[in-house]
Amino acid sequence: MRDTIEALYGQESPVAGQNQRYNEALAAFQELYGPGPVSLFRAPGRVNLIGEHTDYNQGYVLPAAIDRDILMLARPRDDAEVRVANMEDEYPPREFSITPNIPPRPVGDWANYIQGPAELLARETQDSLRGMNALVCGRPPWGVPRGAGLASSSALTVAASLALMRLNSIPLSYGVSLAAFCSRAEWYVGTRGGIMDQFTAILSQRDHALFIDCRPRASGYRYSHAPLPEEHTLVLIDSGERHRNTGPLYNQRVVETRLGIHLLKSRYPWITHLRDLEDLPWDECRELLPEEMTADELYDRGISLQSLMEDGTLPQAETFVVQRRCRHVITENDRVLAVVEAMQKGDLERVGKLMVESHASARDDYEISTPLLDRIADAANEHPDVVGARLTGAGWGGCVVALARAGAVDDLFERVSSLRHETNGQAVQAFVTQPAPGAGHLATINM
Ligand code: NG1
């Protein structure tokens with residue numbers, strides 16, 4: 001395992017610590033399920049450099065996989081039962097049978113991220129599938145922090161999909177079709193997220209960001225790997241504020257942008273997603289988009305939230321903000337393309353400016369920031385060796401990402417460590433992350 005671990009995490013990472021983590025997970029698996037073969041799967045979390053809430057609008061994103069991941073250890077069973085345990089006590093063991101209709105557990109239950117791929121696989125293959133005995137290991141400090149906007153839920157979905165497919169000898173295409181499968185599988189939990197997280201977990205390459213055009217085409221999705229600027233590093237500054245996308249806020253943003261599309265269709269009937277606005281004049285589009293609409297106004301105009309949301313969980317809001325939400329998505333798409341171009345030209349000043357603008361748009365137009373995230377982003381952006389910093393992920397808490405000159409990291413840590421959570425006084429935590437390779441089956445071992 002040592003060679004695999006070194007190849008995965010790079011020589012700069014503390015290999016001994018990772019080694020111990022893998023050995024502890026293998027020992028815990030054996031204690032739970034006895035001796036025999038065990039297959040080991042890994043899926044990383046992700047940071048998003050720019051392109052927030054654009055994926056479900058078929059726009060552009062520029063994420064990277066991070067060097068924190070989730071491990072799943074699994075052994076096939078002779079029946080269709082799945083038994084899954086977790087090395088963290090807060091996630092109790094769960095059991096379910098693989099069928100094309102697996103009743104979801106209560107919103108937020110961790111096993112839903114395993115039930116989702118199992119149900120979708122049963123529907124898509126129409127074969128009877130073998131279950132598994134499995135163990136999940138995502139503990140700190142190597143695991144993906146939960147609710148921190150670093151896509152821990154997708155890492156679990158991807159690891160579970162890999163395990164179920166491999167143990168059932170379903171040929172794995174490690175590319176776009178697997179990523180698209182995982183992204184549909186995660187809708188099981190009720191959110192209507194885009195493809196960014198699962199794609200990043202699967203298609204990433206070490207030391208590279210991943211540019212994804214989230215518009216599906218007959219040939220799949222367009223994506224490319226973009227090297228990060230040399231002698232620069234990604235710093236994640238975790239506010240400690242936590243958010244769950246299964247709460248009402250995420251789907252509310254989804255429905256607000258879909259409402260925008262619905263209204264714009266009166267003049268532009270061919271558009272299906274906000275992405276289609278890239279060639280249309282914003283001033284003309286804006287006329288069709290009210291600042292806000294109330295639930296009563298929607299009702300009076302015969303607009304059904306239910307049909308806008310399809311089968312995702314309905315937000316229970318009274319007011320829906322339309323124009324600013326659409327403006328964020330449209331301007332954010334432009335910023336992603338501009339950042340990719342500026343990175344290619346080595347124009348880091350422009351990259352930084354666009355990251356700052358992205359944070360402002362997320363704060364003012366999409367309203368997904370928090371006062372603490374704003375203070376962290378401001379403090380980081382004031383540092384002379386920070387290229388740019390902005391909130392990353394869904395928002396409402398989680399992390400700020402900073403692209404910083406490698407030599408400035410200690411000083412940046414020092415500066416942000418004085419920032420504290422307003423209510424519990426906890427200091428923010430900063431760590432460096434090295435873009436990691438995508439998910440995979442690491443080994444099958446006989447124990
Ligand atoms: P995080 O940050 O992991 O909660 C969510 C969505 C993404 C994307 C971002 C915002 C899921 C699984 N993930 O990610 O698709 O929309 O928010 O850019 O829904």
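As the structure lists them, so they are numbered: ligands from 1, and atoms in each ligand from 1.
The distance from ligand 1 to the heavy atoms of D55 drops below 4.0 Å at these ligand atoms: 7 (C), 8 (C), 15 (O), 16 (O). Heavy-atom proximity to M196, at under 4.0 Å, picks out these atoms of ligand 1: 8 (C), 9 (C), 18 (O). Against a heavy-atom cut-off of under 4.0 Å, E186 is close to the following atoms of ligand 1: 12 (C).
Looking only at protein heavy atoms, the nearest one to atom 16 (O) of ligand 1 is Y250 OH, 2.6 Å. Annotation: atom 4 (O) of ligand 1 to nearest protein heavy atom, N245 ND2, 2.5 Å. With hydrogens left out, the protein atom closest to atom 19 (O) of ligand 1 is G193 CA, 3.4 Å, a heavy atom.
Ligand 1 has no N or O atom lying under 3.5 Å from any N or O atom of G393, backbone or side chain. Close N/O approach between S153 and ligand 1 is not found [any backbone or side-chain N/O within under 3.5 Å]. For ligand 1, the polar-atom distance check finds no N/O of T54 at less than 3.5 Å from any of the ligand's N/O atoms. Considering backbone and side-chain N/O atoms, D197 comes within less than 3.5 Å of an N/O atom of ligand 1. Considering backbone and side-chain atoms together, A151 places an N or O closer than 3.5 Å to an N or O of ligand 1. Geometrically, ligand 1 and H53 share a nitrogen or oxygen pair separated by less than 3.5 Å. At under 3.5 Å, a nitrogen or oxygen of R46, whether backbone or side chain, sits near a nitrogen or oxygen of ligand 1.
Partners of H328 under the ring pair (Phe, Tyr, Trp, His ring centres under 6.0 Å) rule, at least two apart in sequence or in another chain, are Y366.
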*Go through the steps to decide whether Y113 and E186 satisfy the test side chain to side chain donor-acceptor pair (under 3.5 Å), and finish with yes or no.*
CA-CA 7 Å; Y113 297 96; E186 202 167 329; 5.2 Å; no
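In this structure, N112 and V107 have side chains that are not in contact, with every pair of non-hydrogen atoms separated by 4.5 Å or more.
Here ring pair (Phe, Tyr, Trp, His ring centres under 6.0 Å) pairs that include residues 333-360, with residues two or more places apart or in two chains, number zero.
Aromatic ring pairs are classed by plane angle as parallel below 30°, tilted from 30° to 60° and perpendicular above 60°; the pair H243 and W396 is tilted.
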